[in-house]
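Working notes, beginning with the structure itself.
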Amino acid sequence: MNYFFKVSLTLGSLIVILTTYTLIEYPYLTVIGKYAKDPYSFLLEKRTSGSFDFLGTTHYSNYKDNLDLITSSEIKKCPFYLTPDEPDNRNVLVSKDHILFDNDKIKHQDQREYVKNLVPDDAELNNRLNIWFSNNINKDINKHEDFEKLIFFILFAEKIEYSDIKLIMEYRAKAVKLLFIPPFIRNVFMGSDLDKIDSIKKRFISKFSSLGYEKPHLTFEIFWFNALPIYDLYMKSIRKLEENPKIVEQITNQSKEQEFINEIFRLYPNPRSIPYQKEGNYFSANLFLANTDSTVFSNPLKIDLDRENYNHLTFVSPSERSCLGADLTLNLLSYLIKKYIENKDNNMEVQNYSILQKS
């Protein structure tokens with residue numbers, strides 16, 4: 001009896017020590033669940049403060065401070081993702097020389113040129129969209145898998161099977177989950193998940209290598225890293241159109257699909273913070289809070305297609321490291337929104353015709 005009591009006491013003490021150590025070393029774990037569930041509501045609570053600490057960095061709340069941060073020549077962008085206290089976490093998600101994290105200027109420029117050449121121009125984008133929709137009449141891009149198949153074709157002019165899309169989605173889900181797990185827990189208890197994402201990554205590196213891509217690891221990362229945010233932006237756009245028919249009418253009558261998409265960009269940026277380092281201290285440009293600063297954007301939480309100012313920071317466009325997919329995403333979503341409205345109008349005409357025929 002004493003033996004089992006001592007063992008239980010020892011195990012209990014170890015659990016308490018491990019839990020205490022984890023919470024001290026990884027304080028973000030106490031709030032990350034709330035943040036992950038609804039990041040925008042979580043951040044809205046911080047709007048009244050000039051700055052606040054979160055995920056190991058100081059976040060700015062107003063537009064000017066965030067703009068100054070991303071355009072400053074005195075600081076450097078940090079080579080990690082979300083949690084500066086765990087720089088090794090980025091290796092779970094991406095390669096060490098991923099374009100988002102590499103601070104070697106010459107190497108980074110080389111990566112930017114590579115990515116820039118992957119992105120189709122406006123004419124080629126329209127061509128690929130027309131081809132895809134003509135060959136996939138019955139596909140429903142509201143379904144996540146079909147949307148990712150569309151994105152894959154847009155970027156690479158290649159088909160991809162559902163089985164591969166499901167693997168990419170599994171990779172993304174596991175990698176993002178593992179990102180927030182302290183490494184000592186992840187490495188001891190989650191080896192099977194680490195092995196799985198490693199095997200999926202190797203599969204796609206091989207696939208892109210066989211397709212002739214010079215940097216197959218970066219090519220895969222560009223796709224899996226960006227396809228979900230673009231899908232989320234599309235679905236948020238559709239929901240806003242369904243909620244407010246007046247926006248649909250304004251887009252239709254005034255051709256304001258790009259203004260609408262820019263409002264979606266402004267309200268739902270991704271990534272939501274960009275980390276920087278200055279004199280050993282960490283700061284994050286919080287794009288969502290910058291984009292909802294009422295001193296810059298009047299009535300900031302409302303979609304307004306007649307704004308005088310659409311200078312949001314979502315793509316970090318004032319920075320030298322701005323997103324290379326900004327124009328592609330804008331033109332892609334504009335095309336899809338117009339197509340959605342056209343299909344909706346056509347369906348309404350068919351329904352009205354059927355009603356007239358019956359009467």
Side-chain angles (χ1 to χ4, degrees), residues 36-41 44 125-126 128-155 162 165 168-169 172-173 223-272 287-288 291-292 297 299-307 310 312 314-315 323 325-352:
K37 184 177 180 181
D38 189 353
Y40 303 110
S41 294
L44 281 174
L125 171 64
N126 275 296
R128 292 183 188 181
L129 281 164
N130 291 332
I131 291 172
W132 195 88
F133 278 104
S134 65
N135 292 334
N136 296 275
I137 297 172
N138 297 321
K139 292 290 188 293
D140 179 5
I141 60 171
N142 285 15
K143 292 180 179 177
H144 194 171
E145 292 90 342
D146 285 337
F147 191 93
E148 297 220 10
K149 286 170 72 77
L150 166 64
I151 297 294
F152 194 91
F153 185 78
I154 285 168
L155 287 175
Y162 278 113
I165 287 294
I168 289 171
M169 293 169 70
R172 186 186 293 123
F223 177 74
W224 84 256
F225 204 80
N226 291 290
L228 177 59
I230 297 174
Y231 174 71
D232 284 344
L233 288 167
Y234 173 71
M235 292 306 295
K236 285 183 172 70
S237 301
I238 297 303
R239 281 195 288 271
K240 291 298 180 183
L241 293 177
E242 290 174 346
E243 292 169 5
N244 194 338
K246 289 183 179 179
I247 294 178
V248 176
E249 186 178 332
Q250 196 172 2
I251 292 172
T252 303
N253 296 337
Q254 300 177 41
S255 299
K256 288 207 168 190
E257 58 275 356
Q258 293 209 350
E259 286 85 348
F260 170 66
I261 296 302
N262 268 304
E263 283 287 79
I264 295 294
F265 287 159
R266 183 179 65 80
L267 286 171
Y268 304 106
N270 191 295
R272 299 175 188 92
L287 305 181
F288 172 71
N291 290 347
T292 53
F297 305 99
N299 204 352
L301 300 182
K302 177 186 176 184
I303 290 181
D304 182 354
L305 306 191
D306 294 314
R307 287 190 186 279
Y310 287 95
H312 56 72
T314 293
F315 293 100
C323 177
D327 289 341
L328 171 73
T329 309
L330 175 63
N331 293 328
L332 165 63
L333 292 179
S334 296
Y335 179 103
L336 296 181
I337 291 305
K338 284 193 289 186
K339 192 168 191 66
Y340 167 81
I341 293 174
E342 287 171 7
N343 289 342
K344 191 173 183 179
D345 289 343
N346 289 338
N347 289 338
M348 187 63 71
E349 287 177 9
V350 170
Q351 289 175 13
N352 290 339

Closest non-hydrogen atom pair, Pro300 against Leu267: O-CD2, 3.3 Å
Student check: side-chain heavy atoms of Leu129 and Trp132 closer than 4.5 Å: no
Face-on cation placement of Lys240 at Phe260 ring, 6.0 Å and 45° thresholds: no
Pairwise side-chain contact, His144 with Met235, heavy-atom cut-off 4.5 Å (strictly under): no
Contact check, side chains of Val248 and Tyr340, non-hydrogen atoms, under 4.5 Å: no
Side chain to side chain contact (heavy atoms under 4.5 Å, CB included) between Ile337 and Ile261, intermediate numbers included: CA-CA 9 Å; Ile337 291 305; Ile261 296 302; 3.6 Å; yes
Phe133/Ile141 under side chain to side chain contact (heavy atoms under 4.5 Å, CB included): CA gap, chis, key distance, verdict: CA-CA 10 Å; Phe133 278 104; Ile141 60 171; 4.1 Å; yes
Residues Asn130, Tyr335; criterion side chain to side chain contact (heavy atoms under 4.5 Å, CB included); working and verdict: CA-CA 10 Å; Asn130 291 332; Tyr335 179 103; 2.7 Å; yes
Nearest atoms (heavy-atom pairs only) where Ile303 meets Leu305: CG2-CD2, 3.9 Å
Test side-chain hydrogen bond (donor to acceptor under 3.5 Å, both in side chains) applied to Glu257 - qualifying residues, sequence neighbours left out: none
Straight-line distance of Asn135 CG to Phe153 CZ, nearest 0.5 Å: 7.0 Å
Beyond-backbone contact of Tyr234 with Leu150, side-chain heavy atoms, under 4.5 angstrom: no
Sub-4.5 Å side-chain heavy-atom contact between Ser237 and Phe265: no
Lys139 side, atom NZ; Lys149 side, atom NZ - distance, nearest 0.5 Å: 6.0 Å
Check: Asn291/Tyr268 side-chain N/O donor and acceptor closer than 3.5 Å: no
Approximate separation, where rounding is to 0.5 Å, of Leu333 CG and Tyr231 OH: 13.0 Å
CG on Asp146 to CG on Asn138, rounded to 0.5 Å: 10.0 Å
Residues in side-chain hydrogen bond (donor to acceptor under 3.5 Å, both in side chains) contact with Asn244, at least two apart in sequence or another chain: none
Straight-line distance of Trp224 CH2 to Glu148 CD, nearest 0.5 Å: 11.0 Å
Side-chain heavy-atom pair Asn331, Gln258 within 4.5 angstrom cut-off: yes
Donor-acceptor pair, side chain of Arg266 and main chain of His312, under 3.5 angstrom: no
Tyr310: side-chain hydrogen bond (donor to acceptor under 3.5 Å, both in side chains) partners, not counting sequence neighbours: none
Reference residue Leu328; test side-chain contact (heavy atoms from CB on, under 4.5 Å); the match among Leu125, Ile230, Asn226: Leu125
Spacing of Ile264 atom CD1 and Leu233 atom CG [to the nearest 0.5 Å]: 7.5 Å
